[in-house]
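Presented below is the structure to which this report refers.
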Amino acid sequence: MSVPFFSDFTKRTKDYFKKDKYALGQVVEITNKCSDNIKLKTKINSTGDNVKTKFVATLKRENGREIEVTEDLRKGLSVKIKIPKFYRGIDIESDHSNNDVEVTAKYKPAKDAKNSFYSTKLTGYYAPNKDGSRVCKTKAEFAVGDDQLNLSVGGDITIEDKSKNDSPLQQMEAKVKTYTLGFLYTPTKDSQYSVIYTPDPQSNGMEYSFTCFKKMSDKCSLAAKADGKVDTKLTGFPPVITIAGGWTLGANYLQGFVNSRKEYGFAYK
């Protein structure tokens, strides 16, 4: 089997629960495919008096290589480079901007390989001057799976070193910023269940996020999510339950959600 990266455990359900997907009239996205290799996209997000505008140009090359140039009117210019199969099964992605740089290395053995029971990803981030501080951060994630049980287990850990630029030079003091654990169960290709655990510093407990997905037919898919937390005294807090779905209507697509906070939304394209 091919084990997904830990960050992709909830990939099939993420779009159903993104609030900006349902911001009707607030988010405008225009995409134009100039050729087989060039795609242009403009995204305008308006909330009250706050308007965010972003222009993206993507150039695709042979062997899946890709260069993406983004001009954000608030954050400035950034360039993302993707190089699949940089060395054997290792994929490289780098994101460069005026203020920081981030480099990610991914490794996933081929499906027919003997060691195809795991996947791993390592990300390095460096910002020389972020709010007056130098930030150096590393995030490592790992996942293993069993094709007989259709079960994958994974986690990640983030280590950060941060210091003020105007303070005296001192040795590196790397600290664990956060970590995450999770499980993914895929009984069929059309359904999946996942649960992600994250530490909660305020209650010194754990936050959990349970999601499930089911493809009902070629035109309909349903997803559900429950977010909650448990503290060290095993005190349970009422979870926020969300149910969402997507339906293909001819050449168009309708998506909607409703949750236990009496929030709801619809999107149509």
Side-chain angles (χ1 to χ4, degrees), residues 1-18 21 64 82 84-86 88-93 104-123 139-158 178-200 205-230 234 236-237 239-248 253-260:
M1 67 177 295
S2 180
V3 180
F5 296 109
F6 175 68
S7 55
D8 292 337
F9 274 18
T10 58
K11 185 177 181 179
R12 297 183 76 175
T13 58
K14 280 182 179 178
D15 280 347
Y16 290 96
F17 307 111
K18 286 182 178 179
K21 289 284 183 180
K82 297 181 181 180
K85 301 297 184 292
F86 177 78
R88 295 186 178 180
I90 300 177
D91 299 341
I92 297 293
E93 295 182 7
T104 301
K106 305 177 183 179
Y107 178 70
K108 183 190 297 185
K111 293 182 180 180
D112 55 351
K114 294 182 179 180
N115 61 342
S116 62
F117 60 88
Y118 75 96
S119 65
T120 183
K121 183 192 295 186
L122 181 65
T123 301
K139 182 178 181 180
E141 66 176 62
F142 192 81
V144 295
D146 189 315
D147 55 354
Q148 294 182 350
L149 299 176
N150 296 318
L151 180 67
S152 297
V153 182
D156 64 42
I157 184 171
T158 301
T178 185
Y179 63 89
T180 309
L181 302 172
F183 302 87
L184 173 66
Y185 176 56
T186 312
T188 67
K189 65 178 182 179
D190 295 328
S191 62
Q192 71 171 43
Y193 305 86
S194 66
V195 59
I196 306 296
Y197 296 98
T198 307
D200 179 32
M206 296 290 288
E207 294 181 347
Y208 65 86
S209 178
F210 172 80
T211 60
C212 59
F213 171 85
K214 176 66 175 178
K215 186 177 180 180
M216 308 300 293
S217 67
D218 293 338
K219 296 183 178 182
C220 176
S221 298
L222 297 177
K225 184 179 183 182
D227 296 321
K229 66 179 179 179
V230 178
L234 298 181
F237 298 86
V240 178
I241 301 175
T242 307
I243 299 176
W247 298 267
T248 300
Y253 184 73
L254 175 65
Q255 186 172 307
F257 85 96
V258 61
N259 64 24
S260 56

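Only this structure's heavy atoms are used, side chains among them; waters, hydrogens and symmetry mates stay out. Note that the structure is a prediction, hence the values are computed from the model and not measured.
Looking at heavy atoms from C-beta onward, Ser221 lies in side-chain contact with Phe213 at the 4.5 angstrom threshold. Using a 4.5 Å heavy-atom cutoff, the side chains of Lys139 and Asp156 are in contact. Under the 4.5 Å side-chain criterion, counting only non-hydrogen atoms from C-beta, Pro239 is not in contact with Asp227. Within the 4.5 Å cutoff, the side chain of Tyr185 has heavy atoms near those of the Asn150 side chain. Contact annotation: the side chain of Asp200 never approaches that of Met206 to less than 4.5 Å [non-hydrogen atoms, C-beta and beyond].
Here the side chain of Glu93 pairs no donor or acceptor atom with the backbone of Lys106 at under 3.5 angstrom. Side chain of Gln255 to backbone of Asp15: a donor-acceptor contact under 3.5 angstrom is found. For the pair Asp8 (side chain) and Lys11 (backbone), a donor-acceptor distance under 3.5 Å is absent.
Atom CG of Leu181 has more than 12 neighbouring heavy atoms from other residues, nucleotides or ligands inside a 6.0 Å radius. Around atom NZ of Lys14, more than 12 heavy atoms belonging to other residues, nucleotides or ligands sit under 6.0 Å away.
Of the N and O atoms on the side chains of Thr10 and Thr211, not one donor lies less than 3.5 Å from an acceptor on the other residue. Side-chain atoms of Thr13 and Lys225 form no donor-acceptor pair, as typed in the model, at a separation below 3.5 Å.
Exactly one residue among Phe6, Tyr107, Tyr118 makes a ring-ring contact (aromatic ring centres under 6.0 Å, His included) with Phe142. That residue is Tyr118.
Cation-pi geometry between Lys108 and Phe5 is met: under 6.0 angstrom from the ring centre, within 45 degrees of the axis.
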Could you go through the side-chain contact (heavy atoms from CB on, under 4.5 Å) check for Glu141 and Ser7 one step at a time?
CA-CA 8 Å; Glu141 66 176 62; Ser7 55; 3.4 Å; yes
Derivation and outcome, side-chain contact (heavy atoms from CB on, under 4.5 Å), residues Ile196 and Thr198:
CA-CA 7 Å; Ile196 306 296; Thr198 307; 4.3 Å; yes
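In this structure, the ring of Phe257 has its center no less than 6.0 angstrom from the ring center of Tyr16.
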